[in-house]
Each structure stands twice: as structure tokens, then as C-alpha cells.
Amino acid sequence: MAAVTAYKYQAQALMRDYLLADPLVPYTSVLMGIVLCKMAYDFTRILSSFYFKGYTSLTKIQRIEWNNRGMSSAHAIFITAVSLYLVASTDLFSDRIKGPITFRNSIISTSALGVSVGYFITDLAMIFWLYPSLGGMEYVLHHTLSLVAIAYTMLSGEGQFYTYMVLISETTTPEINLRWFLDTAGLKKSSAYLVNGILMFVAWLVARIFLFIYVFYHIYLHYSQVQRSSFQMHQSYFTQVQNIFVPSDTFYIPNYLTTDYADARLWVLPDISCAISALCDEHNVVHEDLKGCEENTGKMAMMDDAKRIPELTRLGVPGSTV
């Protein structure tokens, strides 16, 4: 019993002094995110081979995309749950706490963002490795913008509140993936597909439209706070760059780079990137819907022609035989 307690204390000390030390939290969490993505990918593969009979009949690239979407859904559930917890259930970003909301962060908030960065690195690597089977340039743009924006807020500690507000929009990802699963499994005409479509519409309306309106309204209400905090943090940086590298009489930094208004605009860039990435995601969904409609229309036309050929042959219409 004493040995178990000793090992327990050693493990806690290792976590506290190394893995969860402030300078190492971002990098440890990114590595953890990559490992968790691998685990989610393998878990989806094993679970599907046992409980979905048609999994083995899928092509190789279909199985890879199937597992990839399982990994994507696991990340979406995780980051949505963490975002809702930090935004709604804790006082980290509460207005009751004094100080600018733009620079509030914690080990938990930074670690969760690191896990998300690990996911985007993993998924982007798979997209490049199998390009364009898992997605075209719109997916590359979506993942790159998301990766840059989330990595910036993770490393700098800035804007984590707004980043988590935007990440709540990931609540639509499981419904999107479930629609693909049902379609691939041949259940597009099932009641489950219809119910999932209704849930996806509601989730999209709330998390991708109403939520974004509130996010930009919140930024507007706190814009003066963003200006003041950005000015205090960044003005000294530009001054040091001017004094260290180039003599002050030969180097001039324009005023638009040292004003609080410019810094506020620079700070908002990660949220704009997240918003653009969400728009790219919308384009992906619409594109897949149109592609599916075209395929269904083509199949229906071929079926109609196949049904009409015997009737035309009986009537003696020229060119109606196959």
C-alpha cells in the first residue's frame, strides 16, 4: 500500500512539474491531441467492424474516411463540451470578474485548445496525404485558418473567450458526419436520416448563425476594452523592436502599427479567421448536398429510362433496344 501511494505521489509530481508546467502546457496538450486522434480513429475502426456489417464491404478510401469522420465527431463533442463548460459554467470569462476579458485564460482552457490544435494538425496531415480523397482546397483552407487562429490564442493567451464561443459551432459536426454515415450505409431514406437532418438544421441555425451574431455583438460591446488592453500589451513590443534592432533615427514604425485601434483590429483577426473557416465549412456542406442531389437525379433518370425501354420496344420505337 505504501508503494502504491509513493508511485501516486511521483506521478502527481511528474504531472505538476513537467507535463502541466505553464511553459509546456501548450506543447503537451498538442501532443496529447494527436495521440487522442489516433485512439479515436482506431476505436471507430474496431467498433464499426463489430457493429456495422457493411463496413468490410466499403472500399479502402471509404473506410479511411469513415474512421476519419469518427475521429472528427469525437473532437467536435469534446471541444463543444469544454467550450460550453468554460463559457457558461465557470467564472473564468464572467463579467463579474474585473479586468479585460480578452486576456483571461487558465491551464484547462489552454490545454483544451492544444488538444484542438493537435486534431487539426492530424486531420490536415491526412488530407494532404490522401489529397484529394478526403477533401479539396476548401478543406485545406478551413483547417489552416482554424489551426492558425486556435494556435495563436493558445500560445498568446489572448481572445480565448471568443475562440471558445466560435468553437461551440462544432456542435454541428457530428450531425454532418452522421448524415454521411447514413448515406454511405444506404439509409438515406430512413427515418433516422430525416431526424438527423432536422437536428442539423436546428443546430446550424443556433450555433452557426445566432451564435455568430452574438459573438460579434459582444466584440462590439467590449471593443473599447480590447483597445485599451491591446495598447498596453503591444506598444512596448514595437518600441523594443525599434530600439534594439535599428537606431531610432534611421527606423520609423508607422503610427498605424502602434495605435490601440490597430492592435484591436489585429487582435480580432483570429476570430475573423474562425468565422471564415465556418463559412468554408458551410460551403463544404452545400457542395456535398448539391453533389448528392446530382447523383440521385442521375440514378433516377437511369432507372426511368430502364423502365421505359421495354415499353418503347413493344411499341416499335426505333433506337429503343439496348
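Side chains included, hydrogens not; waters and symmetry mates left out as well; all remaining heavy atoms used.
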With heavy-atom distances below 4.5 Å as the criterion, would you say the side chains of Asp91 and Arg104 are in contact? no
Closest heavy-atom pair, Trp180 versus Gln62, reported as atoms and distance to 0.1 Å, is CH2-O, 3.8 Å
For Ser169, does its backbone N or O pair with a side-chain atom of Thr172 as donor and acceptor, under 3.5 Å? yes
I'd like to know if Val166 and Leu155 are part of one continuous hydrophobic network [Ile/Leu/Val/Met/Phe/Trp/Tyr, side-chain heavy atoms within less than 4.5 Å]. yes
Value rounded to 0.5 Å, distance of CE in Met165 from CZ in Phe212: 10.0 Å
When you compare the side chain of Ile176 with that of Trp204, does any pair of heavy atoms fall below 4.5 Å? yes
Please answer whether the main-chain N or O of Ile77 pairs with a side-chain N or O of Thr80 as donor and acceptor at a distance below 3.5 Å. no
Are Leu134 and Glu65 close enough, and set up right, to give a side chain to side chain contact (heavy atoms under 4.5 Å, CB included), and what steps lead you there? CA-CA 7 Å; Leu134 294 181; Glu65 185 172 359; 3.7 Å; yes
Stepwise salt bridge (charged side-chain N to carboxylate O under 4.0 Å, His left out) test for Asp183 and Arg179: CA-CA 6 Å; Asp183 187 14; Arg179 181 191 61 174; over 6 Å; no
Side chains of Ile121 and His143: closer than 4.5 Å at any heavy-atom pair? no
Could you tell me if Thr44 and Asn67 have a donor-acceptor pair between their side chains, going purely by distance under 3.5 Å? no
Reported SG-to-CZ distance for the pair Cys37 and Phe120, which is rounded to 0.5 angstrom: 10.0 Å
Are the side chains of Ile108 and Leu92 in touch, meaning some heavy atoms are under 4.5 Å apart? no
Do Leu199 and Ile168 share a hydrophobic cluster (ILVMFWY, side-chain heavy atoms under 4.5 Å, transitive)? no
Please determine, by modelled atom types, if Thr163 and Gln160 share a side-chain donor-acceptor pair under 3.5 angstrom. no
Looking only at heavy atoms, what is the nearest atom pair of Tyr162 and Ile219, with distance? CE2-CG1, 3.4 Å
Give the minimum heavy-atom separation between Ser29 and Gly114, together with the two atoms involved. OG-CA, 3.2 Å
Is the backbone of Leu86 close enough, under 3.5 Å, to the side chain of Ser89 for a donor and an acceptor to pair up by distance? no
Ignoring hydrogens and geometry beyond distance, is a side-chain donor-acceptor pair present between Thr184 and Trp66 at under 3.5 Å? no
Among Phe161, Phe93, Tyr223, which residue meets the ring-ring contact (aromatic ring centres under 6.0 Å, His included) test with His218? Phe161
Check Tyr41 against Met71 and note the closest heavy-atom contact, atom names and distance. N-CB, 4.3 Å
Would you please test Asp42 and Arg45 for side chain to side chain contact (heavy atoms under 4.5 Å, CB included) and show each step? CA-CA 5 Å; Asp42 291 338; Arg45 175 176 55 81; 3.6 Å; yes
Is there a donor-acceptor pair closer than 3.5 Å between any side-chain N or O of Ser109 and the backbone N or O of Ser106? yes
Would you say Val35 and Phe43 are hydrophobically clustered, going by side-chain heavy atoms of ILVMFWY under 4.5 Å? no
If you look at every heavy atom in Ala112 and Tyr164, which pair is closest and at what distance? CB-OH, 3.2 Å
Asn105 side chain vs Phe103 backbone, donor-acceptor pair below 3.5 Å: yes
Contact check, side chains of Asn68 and Met126, non-hydrogen atoms, under 4.5 Å: yes
At what distance, to the nearest 0.5 angstrom, does CG of Asn196 lie from OG of Ser191? 11.0 Å
Other residues, nucleotides and ligands only: do more than 12 of their heavy atoms fall within 6.0 Å of OH on Tyr131? yes
Atom of Ser72, atom of Asn177 and distance for their closest heavy-atom approach: OG-ND2, 3.5 Å
With rounding to the nearest 0.5 angstrom, report the CG to CE distance, Leu205 to Met200. 12.5 Å
Would you please say whether a donor-acceptor pair under 3.5 Å links the side chains of His75 and Ser116? yes
Would you say Phe78 and Leu36 make side-chain contact, with heavy atoms under 4.5 Å? no
Distance in Å, Met154 CE paired with Leu147 CG, rounded so as to fall on 0.5 Å steps: 8.5 Å
Are Phe50 and Leu58 joined in one hydrophobic group, where the rule is that I, L, V, M, F, W and Y side chains link up if heavy atoms are under 4.5 Å apart? no
Rounded to the nearest 0.5 Å, what separation is found between the CD1 atom of Ile64 and the CG atom of Leu130? 5.0 Å
Please report the C-alpha distance between Leu47 and Phe52 in whole Å, then the side-chain angles of each, then the deciding distance to 0.1 Å, and finally whether the side chain to side chain contact (heavy atoms under 4.5 Å, CB included) criterion is met. CA-CA 8 Å; Leu47 196 65; Phe52 176 51; over 6 Å; no
Is the backbone of Ile150 close enough, under 3.5 Å, to the side chain of Thr153 for a donor and an acceptor to pair up by distance? yes
Is there a path from Leu211 to Val82 through hydrophobic residues (I, L, V, M, F, W, Y) whose side chains come within less than 4.5 Å of each other? yes
